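Inspection log for the structure reproduced underneath, given as structure tokens.
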Amino acid sequence: MRPILMKGHERPLTFLKYNRDGDLLFSCAKDHNPTVWFADNGERLGTYRGHNGAVWCCDVSRDSSLLITGSADQSAKLWSVQTGSPLFTFNFESPTRSVDFSVGDKLAVITTDPFMGSSSAIHVKRIAQDPNDQDAESVLVLKGPQGRINRAVWGPLNRTIISAGEDSVIRIWDSETGKLLKESEKEIGHKKAITSLAKSIDGSHFLTGSLDKSAKLWDTRTLTLLKTYATERPVNAVTMSPLLDHVVLGGGQDASSVTTTDHRAGKFEAKFYDKILQEEIGGVKGHFGPINALAFNPDGRSFASGGEDGYVRLHHMDADYFNIKL
Amino acid sequence: MGAEGMSMDDIRASGERLGINFSEVDLDAIRLPPGEDFGIISDDEDLRNEEEMEFEAGFGNIIVVDNLPVVPKDKFEKLVGVIRKIYSQIGVIKEDGLWMPVDPETEKTLGYCFIEYNTPQEAELAKEKTNGYKLDRSHIFAVNLFDDIEKFMKVPDEWAPPEIKPYTPGENLQHWLTDEKARDQFVIRASSETEVLWNDARHAKPDPVYKRSFWTESFVQWSPLGTYLATLHRQGAAVWGGASAFNRLMRYAHPQVQLIDFSPGERFLVTFSRQASTNPRDTDRVVLNIFDVRTGKLMRDFKGSADEFGGVGGATGVPWPVFRWSGDKEDKYFARLGKNVISVYETETFTLIDKKSIKVENVMDFSWSPTEPKIALFVPELGGGNQPAKVSLVEIPSKEEKRQKNLFSVSDCQMYWQSNGDYLAVKVDRYTKTKKSTYTGFELFRIQERDIPIEVLELENKNDKIIAFAWEPKGHRFAVIHGDNPRPDVSFYSMKTAQNTGRVSKLTTIKSRQANSLYWSPTGRFIVLAGLRGMNGQLEFYNVDELETMATTEHFMATDIEWDPTGRYVATSSTSVHHEMENGFNIWSFNGKLLYRVLKDHFLQFSWRPRPPSLLSAEKEEEILKNLKKYSKKYEIEDIEVTNTLSEQEKERRKILKEEWDRWVNEWKRIQEEEKLERQNLRDGEASDEEVEYEAKEVEVEEVVEIKEEVILFD
């Protein structure tokens, strides 16, 4: 497996997203320009220029026409994937951390950070079919969790919203009424801030990664804890193979506490675990900073990792990978 | 311990039940009703109940001086002046800190006075220095700490026969040696947790024995034969052990104890503390206590300034151990290095042998034979080279010099005893002719042979720096790491050659190794060449019998290495004493196969429980060695059984996990199917319901690599 190194960002990567067809890869970084790449050969297609701050998150519509991005410049933007032109800007009082389109792409959930006295919040926006009809009205605003909400995604049939963040609690909200339906229990839940959340391809279960050096697998409907994956480093990014029962964890020693003597000390590896047995299968090395973003191609044959080092590494799996036996 | 406290998790759980949010609880605001402790005895209370600790009362800085002359009023001022003069030499007497009561009727003094110092240390010193002080023939001072008076008052006037307690047999303190699987124990500390575990190599995991939070306030230490585990506390040291769990067997009061050391036969425990003096001009105060381990009785104490215990050469740190024990298992002698003297004490009376120290001008260092009461000592060059440096062997208790060797142009000496006391190697750093640099050689003493012959050994390259030296335990070989470059060489020598048992020979040199320290197996034959710290934890497992490397591996960032007492396993650990990364430990087989690893944040200490020497006779051991095949068969079968059951269990476990997972997946599929229509509606009726089923297919691709034309001759 020879990775393709994609050097397009000037600053650390923050998020990666494949479109549904798996031919495009969107990358977000602390520089202000989300970028789109050919998922096959890593060729850069273009950038989305307009944000004035780090871009934390993005999502792409099912038909690959619409891109939404959330940025530290206190806005979320809608873009035309094809032309790269901004279509609409949602302005907030504080930086936006996470964005996610609903099933059907008619709604988007956007989270905002606590900032200048205002607490963190989850906003639901209606996404118009025609960008000219788009308005900035919030359908619903949810508040309550302490600290940043690092990720909020839609539950099955858009009936719920799942959020997770710095207070290490996973919450399921009713997306109609805004009522809090479920909360992860302290004893079984994460012990430190949750950094990342990835849904399975059918949305039936999801994986959370935390600074407590573990990742946990949950049932989307009941919030039952299914599995725990223990690792040696804080987890910054998680993803799941859509094809095999594998989960991937990325992370590494915090940049501030990394030794300067040896890059191995940081353990900047993307680690593969057997989803069912919870055992480590192997690791993919290469980054020389912590891994901040991971995404699996929907075809399950390649995955991309984005690091603090500013690189996106695109890995196409060898045939051996599909024959791994534990 | 009597009352086991609740764990933090229990507390949180019960708090949640009662609806208490702990982040809002101000712990300091909680006051228990007076006299109520809810039956929980805190550790210090526990101690206080049993023995009065002198430092806990508030009058520790006051002394009472008795047997003063009784004087009339007109001589009062003069007496006070004399007393003040005597006692202000020792410390600073507080303002109005000297009070001599007067009988109101006779207006004469009562023959005693009180003196209040600034600190308890001064008071104690004053007591020590002036108790028994002869003012004149009829007035010998009796000085006591004020706090002690209370204690003396409590002594009943009439003697009562001590209660004779019925004999209760103690626990078997060697119980751990009877483990059926002959496993070894070790203790680890991580954060505030201290844990004793079995090394269960067959199952490739540690097996818990005993665990306790806040068991010690600094570190833990096994006694040399493994009987006790010692813990350190503010009030003193304690030892733990026993058959069932780790019970506290004895306590040794020594406020602010910092270091401890057992005698090799476990009879005595030396405790050490050093406290900064209140007066910056004075040096730190050092207190050393020697206790009988079993009875807890204080056998002898030593108090003084750090200078007195600082050894020679004005080193500021006190060398540890201050007292070095002779190697014999009866713990007969211990010795300490002083200025121009070596003080050897015997443990019968805890006094100096012949009531005087051994005088050796300028002695720098000494070291006991590990098995016999013999001391090797080193005296450096004197008078600018006029008097040569010397190494000599002195027998105790006769103090007779058995052997001496003069050495010239010496800059430094290190002494290394072989573990049986058969050989002594002295590493000698000498100046070259120009005196600008040094080179190293070895003087090898054969202690057990007649007249103790000495052989000189120099490395092939005389200028090589010696990085490490180590004797093979119980053996005749030694290993040396030498060289200047970042990848030094390692050489092995034997004290014998094939033909001649009296000559040193080199076995081999292995070139450019990433190693800076040597760890022999306690049974000899195998050695780990380790590159710790700067070399990131490189490990080479080497067989010295065969002179071949068994494994080269790495425990990244390892800081410590320790063989288990049987020489079967090696533990490498990475402790947060050095860095906070990769904290935890690895267990390896003797030949360098990684058996298991355990990661723990803030890992502080790993220590194997030592074993006492085998009770088998040499003949019996030989017999076992001869029939090893017969014995090993039994264990091999056991090993296979364990492996089989393990793999069975593992299979079973995996099957259950798979089934459980399949149940989830089927449930998800069912719901997914149910919701299919709704989902389509959300997508405005888009028919293709997503989730295109991808499948892993094996695709065979044929590719022409090369086409070659070959003419084959046909006969």
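Nothing here was measured: the structure is a model prediction, and the numbers come from that model. FYI, side chains are in, hydrogens and waters are out, and symmetry mates aren't considered; it's all heavy atoms of this structure. Labels below follow one simple rule: chain letters A, B, ... track the order of the sequence lines, proteins then strands, and each chain is numbered from 1.
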Notebook entry, point to check: Using a heavy-atom distance cut-off of less than 4.5 Å, which residues of residues 213-223 of chain A contact chain B?
Noted result: A:Lys213, A:Leu217, A:Asp219, A:Arg221, A:Thr222

Notebook entry, point to check: For atom CD of A:Glu176, is the number of surrounding heavy atoms from other residues, nucleotides or ligands below 6.0 Å larger than 12?
Noted result: no

Check: Near B:Lys593 NZ, under 6.0 Å, is it more than 12 heavy atoms from other residues, nucleotides or ligands?
Finding: no

Check: Quick one: does B:Trp664's side chain get under 4.5 Å of A:His205's, heavy atoms only?
Finding: no

Item checked: A:Arg2: salt bridge (charged side-chain N to carboxylate O under 4.0 Å, His left out) partners, not counting sequence neighbours -> none

Next item on the list: Answer yes or no: are there more than 12 heavy-atom neighbours, outside A:Glu185 itself, under 6.0 Å from its atom CD?
Entry: no

Next item on the list: Begin from the C-alpha positions of B:Lys600 and A:Glu232 and carry the test salt bridge (Lys or Arg N to Asp or Glu O under 4.0 Å) through to its verdict.
Entry: CA-CA 9 Å; B:Lys600 283 206 186 282; A:Glu232 298 164 19; over 6 Å; no

Next item on the list: Name all residues meeting the side chain to side chain donor-acceptor pair (under 3.5 Å) criterion together with A:Trp154; count only those two or more places apart in sequence or in a different chain, and write none if there are none.
Entry: none

Check: Hey, what do you get for CG (A:Asp202) to CD (B:Glu675), rounding to the nearest 0.5 Å?
Finding: 10.5 Å

Note to self: I'd like to check A:Lys106 versus B:Asp684 (side-chain heavy atoms, cut-off strictly below 4.5 Å). Are they in contact?
What the structure shows: yes

Check: Can you tell me how far CG of A:Leu226 sits from CD of B:Glu660, rounded to the nearest 0.5 angstrom?
Finding: 8.0 Å

Item checked: By side chain to side chain donor-acceptor pair (under 3.5 Å) - contacts of A:Glu183 (at least two apart) -> A:Arg171

Notebook entry, point to check: For A:Gln129, does the CD atom sit with more than 12 other heavy atoms under 6.0 Å from it, leaving out its own atoms?
Noted result: no

Check: Which answer fits A:Ser200, side chain, backbone, both or neither, if we ask what part of it has an atom under 4.5 Å from a heavy atom of chain B?
Finding: neither

Note to self: For A:Leu157 versus B:Arg679, what's the shortest heavy-atom pair and its separation?
What the structure shows: CD2-N, 3.8 Å

Next item on the list: Find the one option among A:Ser204, A:Pro156, A:Gly104, A:Ala319 whose heavy-atom pairs under 4.5 Å with chain B are most numerous.
Entry: A:Ser204

Check: Side chain, backbone, both or neither: which part of A:Asp105 has an atom under 4.5 Å from a heavy atom of chain B?
Finding: neither

Next item on the list: Any chance you could measure B:Arg654, atom CZ, to A:Ile276, atom CD1, to the nearest 0.5 Å?
Entry: 11.0 Å

Check: So what's closer than 4.5 Å to chain A heavy atoms on B:Leu657: side chain, backbone, both or neither?
Finding: both

Margin query: Would you say that more than 12 heavy atoms from the other residues, nucleotides or ligands in this model lie under 6.0 Å from the CZ of B:Arg202, or not?
Written below: yes

